[in-house]
Each structure stands twice: as structure tokens, then as C-alpha cells.
Number of protein chains: 2
Amino acid sequence: MDKDKIDKKDHILDVAEKIFAEQGYDGASTRSISGEAGVNMAMLNYYFGSKEGLFIAVFERKISSFRTLIQNIGNDDSKSAWAKLEWCIDSYVERIMSNSCFQKLVNRELSLNKRSDLTEKLTPILMTNVLEFKKIIQEGVDKGLFYEDTDVELAITTIFGTKNYIINSPHMVSLMLGYDVTNEAIMETQLKPRLKIYMKRLLKSYLVKQQ
Amino acid sequence: MDKDKIDKKDHILDVAEKIFAEQGYDGASTRSISGEAGVNMAMLNYYFGSKEGLFIAVFERKISSFRTLIQNIGNDDSKSAWAKLEWCIDSYVERIMSNSCFQKLVNRELSLNKRSDLTEKLTPILMTNVLEFKKIIQEGVDKGLFYEDTDVELAITTIFGTKNYIINSPHMVSLMLGYDVTNEAIMETQLKPRLKIYMKRLLKSYLVKQQ
DNA sequence: CAAAATTAATCAATCGTTTGATTAATTTGC
DNA sequence: GCAAATTAATCAAACGATTGATTAATTTTG
């Protein structure tokens with residue numbers, strides 16, 4: 001069946017994504033990937049052409065699954081800029097924290113600047129989220145809801161930076177918070193709600209004029 | 001002379017630090033390091049025992065140079081908690097942004113959890129900075145200067161997260177800010193002052209009660 | 001049976017490391 | 001003080017292991 005083939009490729013991609021995220025591109029060998037996936041090594045090249053092809057494929061799959069998720073709430077005029085921002089923060093925390101394995105992979109790949117072709121492919125994707133936030137914050141500033149001296153761009157680096165720090169340095173963060181943030185249940189019941197509350201209060205006090 | 005030997009080892013460490021930061025541990029070959037350093041390959045093993053030994057040595061050197069820089073301003077009672085925090089932000093931005101190459105290396109190494117021995121060695125070092133900030137913020141809360149519902153720990157993840165995001169994703173940040181943040185001059189004249197102002201205003205509005 | 005999928009075996013290239021030899025510098029013995 | 005002995009530094013070459021990739025043979029599938 002065709003289904004089986006797709007399932008198999010998908011299974012390989014699952015394993016590859018995990019191992020790439022854990023060990024990095026160079027650290028992950030095609031043998032370990034094929035071994036963990038339970039397939040012959042040659043199948044990776046048969047399906048994906050090369051190791052780099054497999055790597056790209058991991059990204060393409062996730063990217064296409066992200067594209068459908070990108071919402072455009074910015075043009076909705078029934079909500080205030082702050083209400084939009086609250087919504088974006090909630091959905092962003094919810095969404096990203098559930099893909100931390102892949103996020104880690106993306107961040108590491110961007111910090112190395114090898115594979116500039118991949119960087120160029122990833123940048124516009126990640127930029128859509130950036131621009132989504134930027135549009136909303138800028139709207140708040142323009143309409144006088146947010147402080148005029150707001151540093152819009154750096155405010156965005158704080159949103160992404162705080163999130164990335166938790167994802168990329170879970171060991172440090174776990175020590176700081178006193179519980180294991182890599183634990184799925186804790187992530188869901190403790191970290192996510194706490195992070196949502198925090199991010200909203202942080203940005204509200206920085207941005208919103210009257211409180 | 002002994003001086004020459006130390007200089008030579010130091011030169012190798014300089015090159016190794018740069019290449020490790022650029023290409024990652026696995027991506028950096030001993031051949032490329034020795035080649036760029038202009039020394040015979042065998043010298044790396046002669047001096048540092050192994051590739052991993054060289055890697056560790058890069059860290060140890062920087063760590064020991066950091067240790068002397070760690071200030072203890074927390075116990076100074078002549079300044080308010082907010083004044084202390086301002087000072088810490090300024091010096092932290094100043095110091096860290098000038099070592100972005102090494103910082104990148106640290107962050108990537110922590111996101112992979114290989115070499116857990118190195119992680120365990122790095123953690124307490126990085127934690128001293130964390131605890132420095134925590135002590136000050138906690139003091140502000142306890143003395144009623146800062147809001148009672150402050151999330152002290154996540155506030156710290158924001159400080160470090162914002163900084164790391166700029167360091168780890170300079171390509172994205174450059175696109176956002178409209179100038180190349182990896183450029184030394186721009187970093188010094190534009191980014192550093194801007195980041196200091198921003199971080200202080202962000203945390204002031206989140207933390208400090210009367211304004 | 002033909003096409004696609006899968007396998008084991010093998011490829012050249014590169015990896016980190018080690019070797020034995022050579023040179024330079026330092027210490028020792030008289 | 002100066003040859004002899006010892007140590008340290010450096011080198012080219014080669015090591016075995018592992019890498020990603022490919023081949024040719026085999027099995028599965030429709």
C-alpha cells in the first residue's frame with residue numbers, strides 16, 4: 001500500500017527529527033538514525049537522497065504543518081491591540097512549547113550559519129510570527145494605547161527570547177523554577193499557564209498606558 | 001622561553017574557540033583548527049590530550065577569566081534594589097555582548113545535553129549570575145519596592161533570554177532592527193546602548209511600584 | 001513477470017589519534 | 001665552561017574507526 005510507504009517515511013522523519021534535535025546535524029549519524037528507525041541505512045538515501053536531504057525533509061514537513069497554523073489576527077478591528085496581543089501570546093506559548101524538540105533544532109541551526117540555504121528558507125517562516133507581533137504592537141503604539149517610547153523590535157526579541165531560553169536551556173530553567181520543565185505533565189500544568197500569565201503581565205506593564 | 005609556549009597555547013585556544021563557536025563541536029575538525037592556528041595537528045593532542053580536552057580547555061580559560069569579573073553588589077545596602085538592578089543590567093549587557101562568540105558556544109553546548117560533565121561544570125558558573133539577579137529582585141519584592149505578584153524566576157529568564165536571542169539569532173535580529181548586529185561598531189554604538197535602555201525600562205515597568 | 005522496495009556488502013573520504021623521527025632547549029657531570 | 005645527557009617541542013606519515021554514499025543482489029508487491 002501507498003499508506004505504508006508514507007507511514008514509513010513519516011516514521012523515519014520522526015526519528016530523524018528527534019535525533020537531530022538531540023545530537024545536532026553533525027553529531028547524528030545516518031547509521032544511528034536508520035538503526036533507531038529500524039530501517040536499512042540505504043533507505044535514507046533511497047527516500048531522501050542524502051543526509052542533508054533528510055535534514056531538509058524534516059524541516060519541510062514541519063514548516064508545511066506550521067503554515068496552516070499561522071493566523072492572521074492583526075487585521076481584526078473588533079479587538080483592541082492589547083486583546084490581540086494577549087491572544088497571540090497565549091496561542092504562541094501553547095503552540096511552541098509543544099514542539100520544543102523541533103524548536104531546539106531550529107534555534108541551533110540558526111546559531112550555526114552553515115547551510116545558509118536552509119537559513120534563508122527558515123527566515124521568512126519565522127519572520128511571519130515576528131511580523132505578526134510587530135504589526136499588533138505597532139498598532140497599539142499608533143493608536144495611542146501603548147507608550148510612544150516603546151521599543152517595538154526589542155519587545156519582540158523579549159517574547160521570542162524568553163521562550164527560546166526555556167526551550168534551549170531547560171536544565172538551567174529547571175534549576176531556577178524548581179521543577180523539571182522537560183517533563184510533559186509539568187510543562188502542561190505548571191509552566192505553560194505560568195508563562196502565559198507572566199508574559200502578559202510583563203508586556204502589559206511595559207506597553208499599555210492606563211492600567 | 002615559557003612565555004612563547006603559553007602564547008602558543010593561548011593562540012590555539014583562541015582559534016579553537018572561534019571555530020568551535022562557528023561550526024560546533026562535531027562540525028569543527030582537529031585538522032581545520034590546527035590548520036587555521038598554523039600548528040601541526042599533533043600539537044593539539046600533545047598540549048590538550050584530545051579534541052575534547054581542547055574543548056574543555058577553551059571553557060576553562062574563559063571560566064577562570066569570568067570568575068574574577070563576578071561582582072557581588074547584592075549586599076550593598078547603600079543602593080536601592082532598583083539601583084542595583086540597573087547597575088547589573090548595564091554591566092551584564094556590556095560584558096556579555098562583548099563575548100558573543102563564546103556565549104554562542106555555551107548556549108549551543110547546553111542545548112545539546114551531550115558532555116554532561118561540562119554541563120555540570122558550566123551550570124554553577126552561569127547560576128551565579130542568575131542568583132545575583134534573583135537576590136536583587138527578591139530584595140526589591142521583600143522590601144515592598146517591587147510588586148508582590150512579581151514572577152522573580154521568569155523575570156530572570158527574560159533578562160537572559162532576550163540577551164541570548166540577540167546572540168544566537170543575529171540574522172533574525174538584524175532583519176528586525178534593520179542593521180547588522182554582528183558588526184562590532186554597530187554593536188557598540190547602537191545595540192548596546194539601546195538594549196540597556198530597553199531592558200531597564202522593561203523591568204522597571206514590570207517590577208517597580210511607584211513611577 | 002516486471003517494478004518497486006529492501007537488503008548486505010562495499011566504497012572512498014574523513015575523522016581523531018598515535019607513532020617514530022628530528023630538532024631545539026635545558027640540565028647535568030666533570 | 002663545555003661536552004654529554006636529558007627533556008621538550010615539532011613534524012610528516014600512517015593508524016584504525018567511522019562517516020555518508022553506492023552498488024548489486026534479493027525480496028516484496030501489484
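What's counted below: heavy atoms across the whole structure, side chains too, no hydrogens, waters or symmetry copies. Numbers restart at 1 for each chain; the letters A, B, ... are given by sequence-line order, proteins then strands.
Rounding to whole angstrom units, CG of residue A/Leu44 and P of D/dG20 are separated by 10 Å. Atom NZ of A/Lys51 and atom P of C/dC15 are 12 Å apart (whole Å). In this structure, the OH atom of B/Tyr46 is 15 Å from the P atom of C/dA24, given to the nearest Å. Atom CZ in B/Phe48 sits about 16 Å away from atom C1' in C/dG16, given to the nearest Å. Rounding to whole angstrom units, OH of residue B/Tyr47 and C1' of C/dT18 are separated by 18 Å. Rounded to whole Å, the distance from CE on B/Met43 to P on D/dC11 is 7 Å.
A salt bridge is absent between B/Glu86 and B/Lys204; no separation between the charged side-chain nitrogens and carboxylate oxygens falls under 4.0 Å. A salt bridge does not link A/Asp26 with A/Lys51: every distance from a Lys NZ or Arg NE/NH1/NH2 to an Asp or Glu carboxylate oxygen is 4.0 Å or more. A salt bridge links A/Arg201 with B/Asp149: at least one charged nitrogen is closer than 4.0 Å to a carboxylate oxygen.
Listed by first and then second residue, the ring pair (Phe, Tyr, Trp, His ring centres under 6.0 Å) pairs that reach into residues 150-189 of chain B are B/Tyr92-B/Phe160, B/Phe133-B/Phe160, sequence neighbours excluded.
Between the axis at the start and the axis at the end of the helix from C/dC1-D/dG30 to C/dC30-D/dG1 there is an angle of 20°, using five pairs per end and rounding to 10 degrees.
In this structure, A/Ser32 contributes its side chain and A/Ala28 its backbone to no donor-acceptor pair below 3.5 Å. Put simply, the side chain of A/Ser34 gets close to the backbone of A/Arg31: a donor and an acceptor are under 3.5 Å apart.
Smallest separation of non-hydrogen atoms from A/Thr128 and A/Ile125: OG1-O, 2.5 Å.
Of the candidate nucleotides C/dT17, C/dT6, D/dG20, C/dT17 has the atom nearest to the side chain of B/Asn45.
Applying the 4.0 Å criterion to OP1 and OP2 of D/dT10, one finds that B/Lys8 has a side-chain N or O inside that range.
Annotation: proximity of residues 19-41 of chain B to DNA chain C (heavy atom, distance under 4.0 Å) is found for B/Ala28, B/Ser29, B/Thr30, B/Arg31, B/Met41, numbered in ascending order.
Remark: of the listed residues B/Asn168, B/Asn107, B/Leu112, B/Leu112 is the sole one forming a side-chain contact (heavy atoms from CB on, under 4.5 Å) with A/Arg108.
Ring geometry for B/Tyr25 against B/Phe20 counts as parallel: the plane angle stays under 30°, on a 0 to 90° scale with 60° as the upper cut.
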